[in-house]
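All chains are named by letter (A, B, ...) in the order of the sequence lines, taking the proteins before the strands, and each is independently numbered beginning at 1.
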Protein chains: 2
Amino acid sequence: MMKITKKTEYALIALKYMQSLESGSVANTTELSERHSIPRELLAKAMQQMARSGFIQTVSGAKGGYKINSDFTQISMDSFLEIMEGPLSLVICTEEHDCPIQESCNISKPLNTINAKMKLFFSNISLAEITS
Amino acid sequence: MMKITKKTEYALIALKYMQSLESGSVANTTELSERHSIPRELLAKAMQQMARSGFIQTVSGAKGGYKINSDFTQISMDSFLEIMEGPLSLVICTEEHDCPIQESCNISKPLNTINAKMKLFFSNISLAEITS
DNA sequence: TATAAATCGGACTAATTTAGTCCGCGTTTA
DNA sequence: TAAACGCGGACTAAATTAGTCCGATTTATA
């Protein structure tokens with residue numbers, strides 16, 4: 001349990017590789033996927049999502065690709081994971097408030113407390129700790 | 001992401017209720033499922049799993065059910081979750097060592113470090129913090 | 001200026017995991 | 001001996017994740 005998805009995994013692999021290049025270099029999806037033996041199309045989705053979120057910058061057209069656009073020491077795992085995968089929550093009631101057993105649920109309070117601590121844990125880890 | 005499964009959720013709801021009863025009381029699955037509006041058969045699986053693991057004790061036969069068998073302050077979320085759901089790991093390579101992209105993977109080391117920290121985080125939370 | 005190389009994003013299918021159900025069995029109470 | 005309980009395997013259904021396909025747009029360059 002607690003797995004991150006493949007899409008996020010591929011995103012991290014790409015970021016790490018891009019960070020190893022000279023600053024400002026452009027890397028494209030085909031190159032990234034071949035070099036790391038990961039499915040091109042799925043990686044492409046991850047790259048697009050990261051570009052939309054501003055972690056990386058698109059360079060469009062032929063000879064295009066992506067380049068790093070942000071300081072990974074300033075991005076937390078908490079925000080990265082939430083953008084890639086949605087809210088970090090142990091139970092659905094942390095995100096939504098229409099749980100069918102809400103009335104008779106006796107554990108939502110303590111679990112939400114633990115959830116907040118878990119988010120804090122991930123907010124203290126920077127993306128750079130993975131990519132550097 | 002990071003959701004615990006329904007089975008584990010139901011397990012916690014049951015444990016919390018059982019702990020609210022007089023010490024040594026027996027609770028049965030039907031009663032627990034009705035009281036908390038949760039599917040009986042799925043809860044039954046959770047109870048059986050907890051009994052096998054020694055968290056609770058089976059009382060068999062008619063008027064049977066389960067009673068608490070352990071000190072929840074001494075059980076960590078880490079071990080509870082691992083027993084209910086399997087290894088706590090962000091990536092598969094923490095558990096298994098036959099990842100197809102192992103060769104070209106550049107993130108397994110930092111992720112495994114973070115994984116260890118996450119396990120430590122959960123090992124410092126006791127089951128009693130939820131059920132009490 | 002045409003072509004090739006690249007991203008964009010929606011729609012789709014396949015695979016895997018999770019959720020939930022069913023049923024025949026053994027045990028114990030009354 | 002019948003009813004109430006847990007046991008556990010097999011099964012189906014639902015949801016999520018993984019992976020693919022394709023038509024559109026942008027840009028470099030031959």
### Message
With a 4.0 Å limit, can you tell me whether A/Tyr10 has a side-chain N or O closer than that to the phosphate oxygens OP1/OP2 of D/dG19?
### Response
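For A/Tyr10, the contact criterion (side-chain N or O under 4.0 Å from OP1 or OP2 of D/dG19) is met.
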Measuring from the side chain of [X] (C-beta onward, heavy atoms only), which nucleotide among [options] has the closest atom?
X       : options                : answer
B/Thr58 : C/dC8, D/dG6, D/dA18   : D/dG6
B/Leu42 : C/dT29, D/dA28, C/dT21 : C/dT21
A/Lys6  : D/dG8, D/dT20, D/dA18  : D/dA18
B/Arg52 : C/dT7, D/dC7, D/dG8    : D/dG8
A/Glu41 : C/dT29, C/dA5, D/dC22  : D/dC22
B/Gln48 : D/dG8, C/dC8, C/dG20   : D/dG8
A/Pro39 : C/dG20, D/dG19, C/dC8  : D/dG19
A/Ser60 : C/dT21, C/dA6, D/dT27  : D/dT27

### Query
How far apart are the closest heavy atoms of B/Asn115 and B/Leu90, and which atoms are they?
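B/Asn115 and B/Leu90 have their closest heavy atoms at OD1-N, 2.6 Å.
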### Message
Tell me the closest heavy-atom pair linking A/Glu85 and A/Thr8, and the distance in Å.
### Response
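Closest approach of A/Glu85 to A/Thr8: OE2-OG1, 2.5 Å.
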Round to the nearest Å and state the distance from [X] atom [atom1] to [N] atom [atom2].
X       : N      : atom1 : atom2 : value
B/Met1  : D/dA18 : CE    : P     : 11 Å
A/Gln49 : C/dG10 : CD    : C1'   : 14 Å
A/Leu43 : C/dC8  : CG    : C1'   : 14 Å
A/Met47 : C/dA5  : CE    : C1'   : 16 Å
A/Ile92 : C/dT18 : CD1   : P     : 15 Å
B/Lys7  : D/dA15 : NZ    : C1'   : 17 Å
B/Lys3  : D/dA15 : NZ    : P     : 15 Å
A/Ile4  : D/dT16 : CD1   : C1'   : 16 Å

### Message
Heavy-atom nearest nucleotide on DNA chain D for A/Thr8 versus B/Ala27: which residue maps closer to 5'?
### Response
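Nearest nucleotide further toward 5': that of B/Ala27.
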### Query
Are A/Thr29 and A/Arg40 linked by a side-chain donor-acceptor pair shorter than 3.5 Å?
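Distance-only check fails for A/Thr29 and A/Arg40.
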### Query
Which is true for B/Thr29 with a 4.0 Å heavy-atom rule: it touches a base, it touches only sugar-phosphate, or it touches nothing?
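Sugar-phosphate only.
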### Task
Tell me what B/Gly64 touches on the nucleic acid: a base, only sugar-phosphate, or nothing, going by heavy atoms under 4.0 Å.
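Since only primed, P, OP1 and OP2 atoms lie under 4.0 Å of B/Gly64, the category is sugar-phosphate.
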### Message
On DNA chain C, does the nearest nucleotide to A/Arg40 precede the nearest nucleotide to B/Thr5 from the 5' side, or the other way round? Give the residue.
### Response
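By nearest-heavy-atom nucleotide position, the 5'-most residue is A/Arg40.
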### Query
Does any non-hydrogen side-chain atom of A/Leu32 lie less than 4.5 Å from one of A/Met47?
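Yes - at least one pair of side-chain heavy atoms lies under 4.5 Å apart.
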### Query
How are the rings of B/Phe55 and B/Phe80 set relative to one another: parallel (under 30°), tilted (30 to 60°) or perpendicular (over 60°)?
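Correct class here is tilted.
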### Any N/O donor-acceptor pair, B/Lys45 side-chain to D/dG9 base, under 3.5 Å
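Side chain to base: pair present.
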### Query
Going through the checks in order, is the salt bridge (charged side-chain N to carboxylate O under 4.0 Å, His left out) test met by B/Glu95 and A/Lys3?
CA-CA 11 Å; B/Glu95 306 160 41; A/Lys3 291 273 180 308; 2.3 Å; yes
